[in-house]
Asks: 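Can you keep this structure in mind? I'll have questions shortly.
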Amino acid sequence: MFRLKRKTKGEAFFDLFNNFGMLLVCFATLYPIWYVLVNAFNEGQDGMRGGIYWWPRVFSLESFEAVFQSSGIMTAMGITVAKTVLGTLIHVFFTAMVAYAFSRKNLIGGKIYIFVGTVTLFFGGGLIPTYLLMRDLQLLDNFMVYIIPAMFSFFDLIIFMTFFREIPDGLEEAAKIDGANDWSILLRVVLPVSMPVIATIALFHGVYQWNDYFAGVIYMNNMDMQPIQTYLYRVVAQSSSNQMVAAIPGGIGKTVTSQSIKLATMVVTTLPIVLVYPFLQKYFVKGMMIGSIKG
């Protein structure tokens with residue numbers, strides 16, 4: 001019968017210190033999020049009193065009403081949903097297609113392609129050359145500026161390629177005996193057994209597309225084509241929140257402030273992607289672990 005080894009005073013002190021440190025880190029990470037939620041659901045005028053509190057002192061949804069009364073936020077939300085869904089689908093398929101070719105041992109010049117792709121992970125063209133390229137491709141004020149530049153990622157290709165190389169060669173050989181070509185093998189054999197890594201890359205890129213505000217700031221002058229994160233940037237960094245307060249009917253406008261609108265907008269823009277994550281988490285964890293140990 002095994003006996004548990006009794007901890008020394010030093011080990012017990014280390015565990016206590018370690019747990020206390022982790023609790024501090026968790027608190028420092030979670031409290032700003034909780035603070036935004038509390039203030040978003042608190043009446044705006046009451047929130048101007050300041051102070052640190054854990055629950056809304058005067059619960060109110062009027063800041064959220066003010067946010068949804070803005071015509072721009074629903075348009076921006078639609079643009080964001082469209083670019084997130086379309087961009088993720090195209091990115092996953094295009095990157096998987098290239099990664100499948102790179103995973104083939106008989107690819108001519110494969111090592112050269114991998115070397116060139118690896119260089120792009122460390123060096124980029126810079127903002128001004130990229131802007132000039134988007135202009136020459138006529139992508140300025142064009143919805144496809146959210147899609148085409150993000151179609152491919154070499155980092156995601158590496159993840160795909162590592163997974164594809166661990167798929168048994170017998171599956172591909174059996175498909176070739178049945179007369180399948182490379183397209184059929186990719187679509188009917190490789191991708192169906194690659195759902196964990198597909199979900200992982202989809203989560204990576206979907207979060208990127210949802211959170212990306214920079215493309216809207218740099219490449220979009222048309223306000224109706226800007227995504228929700230760019231809309232949030234305008235509300236927080238510019239005077240849009242004051243304009244929203246001025247446009248609110250008197251009943252609500254007396255209780256909300258520009259600060260409460262900013263916080264409510266943060267909640268509205270962040271909540272959808274936070275709600276989606278738990279449903280993909282199991283695939284995310286499995287996809288990250290798969291390929292780390294060769295079976």
Side-chain angles (χ1 to χ4, degrees), residues 33 36-37 40-41 61-95 130-131 134-135 137-153 156 198-199 201-249 252-253 256 258-280 284:
I33 302 173
V36 170
L37 283 172
F41 285 100
L61 296 176
E62 292 179 349
S63 295
F64 291 94
E65 292 180 28
V67 170
F68 284 107
Q69 282 183 5
S70 172
S71 59
I73 191 169
M74 299 311 296
T75 301
M77 185 70 76
I79 292 293
T80 301
V81 171
K83 84 184 190 74
T84 300
V85 174
L86 183 61
T88 301
L89 290 175
I90 293 177
H91 174 84
V92 169
F93 178 76
F94 188 80
T95 305
T130 303
Y131 180 87
M134 297 300 108
R135 184 195 64 183
L137 292 175
Q138 298 183 356
L139 291 178
L140 300 184
D141 287 330
N142 188 328
F143 177 79
M144 295 307 293
V145 77
Y146 300 129
I147 308 299
I148 294 179
M151 282 179 62
F152 176 77
S153 166
D156 293 344
I198 289 175
I201 301 303
L203 180 61
F204 275 157
H205 193 72
V207 171
Y208 161 77
Q209 283 283 10
W210 185 274
N211 290 333
D212 178 38
Y213 80 96
F214 193 68
V217 173
I218 300 298
Y219 304 126
M220 284 292 176
N221 293 318
N222 184 357
M223 297 295 183
D224 293 334
M225 292 295 292
Q226 292 184 342
I228 191 67
Q229 298 299 338
T230 305
Y231 179 88
L232 174 61
Y233 166 80
R234 284 171 35 219
V235 169
V236 174
Q238 301 176 12
S239 60
S240 297
S241 56
N242 294 323
Q243 297 172 4
M244 291 169 64
V245 172
I248 295 171
I252 298 178
V256 303
S258 60
Q259 180 67 14
S260 67
I261 287 183
K262 290 177 183 179
L263 297 173
T265 306
M266 291 180 188
V267 174
V268 171
T269 56
T270 306
L271 188 61
I273 198 67
V274 172
L275 293 179
V276 169
Y277 181 81
F279 296 99
L280 296 176
F284 173 74

Asks: For atom CE of Met144, decide whether the heavy atoms of other residues, nucleotides or ligands shown that lie under 6.0 angstrom number more than 12.
Replies: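 Counting neighbours around CE of Met144, more than 12 heavy atoms of other residues, nucleotides or ligands fall under 6.0 Å, so yes.
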Asks: Rounded at 0.5 Å granularity, tell me how far CD1 in Ile33 sits from OG1 in Thr270.
Replies: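 Nearest 0.5 Å value for the CD1-OG1 distance: 9.0 Å.
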Asks: Walk me through it: do Thr269 and Tyr231 pass the test side chain to side chain contact (heavy atoms under 4.5 Å, CB included)?
Replies: CA-CA 9 Å; Thr269 56; Tyr231 179 88; 5.6 Å; no
Asks: Taking the side chain as C-beta and beyond, is there a heavy-atom pair between Ile201 and Phe204 under 4.5 Å?
Replies: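 With C-beta onward as the side chain, the pair touches.
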Asks: Rounded to the nearest 0.5 Å, what separates atom CD1 in Ile90 from atom CD1 in Ile147?
Replies: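 Reported to 0.5 Å precision, the distance equals 5.5 Å.
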Asks: Report the C-alpha separation of Tyr219 and Phe214 in whole Å, then their side-chain angles, then the decisive distance to 0.1 Å, and conclude whether the side chain to side chain contact (heavy atoms under 4.5 Å, CB included) test is met.
Replies: CA-CA 8 Å; Tyr219 304 126; Phe214 193 68; 5.7 Å; no
Asks: Could you walk me through whether Tyr131 and Ile218 satisfy the side chain to side chain contact (heavy atoms under 4.5 Å, CB included) test, starting with their C-alpha distance in whole Å, then the side-chain angles of each, then the deciding distance to 0.1 Å, before giving a yes or no?
Replies: CA-CA 8 Å; Tyr131 180 87; Ile218 300 298; 3.7 Å; yes
Asks: Please report the closest heavy-atom contact between Ala150 and His91, naming both atoms and the distance.
Replies: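 So the minimum-distance heavy-atom pair works out to O-ND1, 2.8 Å.
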Asks: Would a 4.5 Å heavy-atom cut-off, applied to side chains only, mark Val145 and Leu140 as touching?
Replies: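 Val145 vs Leu140: side chains apart.
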Asks: After noting the C-alpha distance and the side-chain angles of Val268 and Met77, does the key distance pass the side chain to side chain contact (heavy atoms under 4.5 Å, CB included) rule?
Replies: CA-CA 10 Å; Val268 171; Met77 185 70 76; 3.9 Å; yes
Asks: By side-chain hydrogen bond (donor to acceptor under 3.5 Å, both in side chains), which residues pair with Asp212, not counting sequence neighbours?
Replies: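 So Asp212 forms no side-chain hydrogen bond (donor to acceptor under 3.5 Å, both in side chains) with any residue.
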Asks: So, for Asn142 and Gln138, which heavy atoms are closest and what is the spacing to 0.1 Å?
Replies: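 Taking Asn142 first and Gln138 second, the nearest heavy atoms are ND2-O, 3.5 Å.
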Asks: Can you tell me if Thr95 uses its side chain to pair, donor with acceptor, with the backbone of Phe152 under 3.5 Å?
Replies: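 Not a single qualifying donor-acceptor pair exists.
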Asks: Distance from Ile73 atom CD1 to Leu232 atom CG, nearest 0.5 Å?
Replies: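 Here the interatomic distance stands at 8.5 Å.
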Asks: Nearest 0.5 angstrom please: Met225 CE to Met220 CE, how far?
Replies: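 Answer for the CE-CE pair, Met225 versus Met220, is 4.5 Å.
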Asks: Do the ring planes of Tyr146 and Phe143 sit parallel (below 30°), tilted (30 to 60°) or perpendicular (above 60°)?
Replies: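 Rings of Tyr146 and Phe143: perpendicular, over 60°.
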Asks: Would you give the length of the straight line joining atom CG of Asn211 to atom CD of Gln229, rounded to the nearest 0.5 angstrom?
Replies: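 One finds 5.0 Å between CG of Asn211 and CD of Gln229.
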Asks: Distance-only check: which donor-acceptor pairs under 3.5 Å involve side-chain atoms of residues 79-87, not counting sequence neighbours?
Replies:
from: Thr80; atom 1: OG1; to: Ala76; atom 2: O; distance (Å): 2.9
from: Thr80; atom 1: OG1; to: Ile228; atom 2: N; distance (Å): 2.6
from: Lys83; atom 1: NZ; to: Gln209; atom 2: O; distance (Å): 2.6
from: Lys83; atom 1: NZ; to: Gln209; atom 2: OE1; distance (Å): 3.0
from: Thr84; atom 1: OG1; to: Thr80; atom 2: O; distance (Å): 2.7

Asks: Where the side chain of Asn222 meets the backbone of Asp141, is there a donor-acceptor pair that is under 3.5 Å apart?
Replies: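 Answer holds: no.
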Asks: Could you tell me which non-hydrogen atom of Ala40 sits nearest to which non-hydrogen atom of Phe64, and how far apart they are?
Replies: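 Closest approach of Ala40 to Phe64: O-CE1, 3.4 Å.
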Asks: If I take atom NE2 from residue His205 and atom CG from residue Leu89, how far apart are they, to the nearest 0.5 angstrom?
Replies: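 Taking NE2 in His205 and CG in Leu89, the distance rounds to 9.5 Å.
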